[in-house]
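To start, the structure under review is shown below, and the notes come after it.
Because only heavy atoms are used, hydrogens play no part in the values below, and waters and symmetry mates are left out as well, while side chains stay in.
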Amino acid sequence: MRVDQGGRPLRVVLAEDSVLLREGLIGLLARCGHEVVAAVGDARALIAAVEEHTPDIVVTDVRMPPDFQDEGLHAAVRLREKRPALPVLVLSQYVQRSYAAELLDSGDGSGVGYLLKDRVGQVEEFVAALRKVADGGTVVDPEVVRQLLRRRRDPLEQLTPREREVLALIAEGKSNGAIARELVVSDAAIGKHIGNILTKLDLPQTDETHRRVLAVLTYLRA
């Protein structure tokens, strides 16, 4: 069954050391109309596959051989140093704030995603996240955001509770319209909240998309 009606088929390089999950993802992506041009099990092979195939997006696990630490993440960051606009969706078994922040810091700040592996089972959400990252968007798993909310909030103390709520939804990759619908307020109200957030966080004067990414980074590091 096709669940991705969002646009052109994507050419995907997949890095996952678990054979079962790797094969499952290959089948899932194929059913959604996408092509896995390479499926590998370690970070070195991931880098080689990207060099060979120049994919539309990379999907990689954080932990891979030989040490099962953060080899997949570091490979993704290295790839984005060479290709700043290369879309990368990282899958992780556990919530790791530093992983999400390092990924969002890589490349030009666009086209990055950090999801927990459990999200793969929610097929429509996973495929929507894949498409959004491939199109240059930013996606952070809602569970990561929820756990971060329970941490200390410096330098977010100056934000109002509503502004922190809006920033949390931005970190999940939601658009202004989606945030407005979730909070049952007008788009104009959300625009005002976002303007206040960007001002209070004293972010550099660049385009709004980049400032939103910087705001998410500030949120993840708080």
Side-chain angles (χ1 to χ4, degrees), residues 6 15-16 25 57-63 70 72-77 79-80 84-156 159 161-183 190 193-194 197-198 201 203 207-222:
E16 168 58 56
L25 282 168
I57 186 169
V58 169
V59 178
T60 181
D61 189 6
V62 168
R63 299 181 177 183
D70 49 10
L73 175 73
H74 284 164
V77 171
L79 286 167
R80 282 173 59 83
L86 175 68
V88 172
L89 177 59
V90 167
L91 304 177
S92 179
Q93 190 70 42
Y94 310 103
V95 174
Q96 288 284 353
R97 178 177 56 170
S98 61
Y99 289 165
E102 186 173 355
L103 180 67
L104 286 167
D105 249 343
S106 67
D108 63 2
S110 67
V112 289
Y114 179 87
L115 291 181
L116 296 182
K117 287 187 175 180
D118 289 347
R119 199 67 54 190
V120 175
Q122 300 173 24
V123 176
E124 291 189 5
E125 288 186 28
F126 171 70
V127 175
L130 181 83
R131 172 66 64 184
K132 182 167 186 174
V133 171
D135 288 342
T138 303
V139 175
V140 180
D141 195 286
E143 182 58 29
V144 176
V145 174
R146 280 192 289 271
Q147 292 204 24
L148 292 173
L149 276 172
R150 295 196 287 269
R151 299 176 182 267
R152 62 184 179 84
R153 290 198 169 107
D154 295 334
L156 306 181
L159 301 185
R162 175 62 90 180
E163 288 165 355
R164 286 198 295 268
E165 193 173 10
V166 169
L167 183 53
L169 293 172
I170 292 173
E172 291 183 19
K174 296 185 184 298
S175 66
N176 288 16
I179 296 172
R181 289 190 294 275
E182 182 158 337
L183 299 182
I190 294 303
H193 285 311
I194 292 174
I197 291 166
L198 298 178
L201 294 181
L203 298 173
D207 65 273
E208 183 173 338
T209 299
H210 185 56
R211 295 184 85 203
R212 286 169 73 106
V213 172
L214 292 174
V216 171
L217 279 171
T218 301
Y219 178 76
L220 290 171
R221 291 168 175 154

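- In this structure, the side-chain contact (heavy atoms from CB on, under 4.5 Å) partners of Ala15, at least two apart in sequence or on a different chain, are Val40, Leu46, Thr60, Met64.
- Of the inter-residue distances, the one linking Leu159 atom CG with Leu167 atom CG reads 6.5 Å to the nearest 0.5 angstrom.
- For the pair Glu182 and Glu172, the minimum side-chain heavy-atom distance is 4.5 Å or more.
- Atom CG of residue Leu130 and atom CZ of residue Arg119 lie 15.0 Å apart, to the nearest 0.5 angstrom.
- Here the closest heavy-atom approach between residue Ile57 and residue Ala134 is recorded as CD1-N, 3.9 Å.
- Val133 approaches Val88 most closely through the heavy-atom pair CG1-O, 3.6 Å.
- Closest approach of Ile179 and Val166 over heavy atoms only: CD1-O, 4.1 Å.
- Here the shortest heavy-atom pairing between Asp141 and Leu116 reads OD2-N, 3.0 Å.
- Between Gly136 and Ser110, the shortest heavy-atom contact is O-CB, 3.5 Å.
- No side-chain heavy atom of Tyr114 sits less than 4.5 Å from a side-chain heavy atom of Leu73.
- The nearest pair of heavy atoms linking Val120 to Leu91 is CG2-CD1, 4.2 Å.
- With sequence neighbours excluded, no residue forms a salt bridge (charged side-chain N to carboxylate O under 4.0 Å, His left out) with Arg181.
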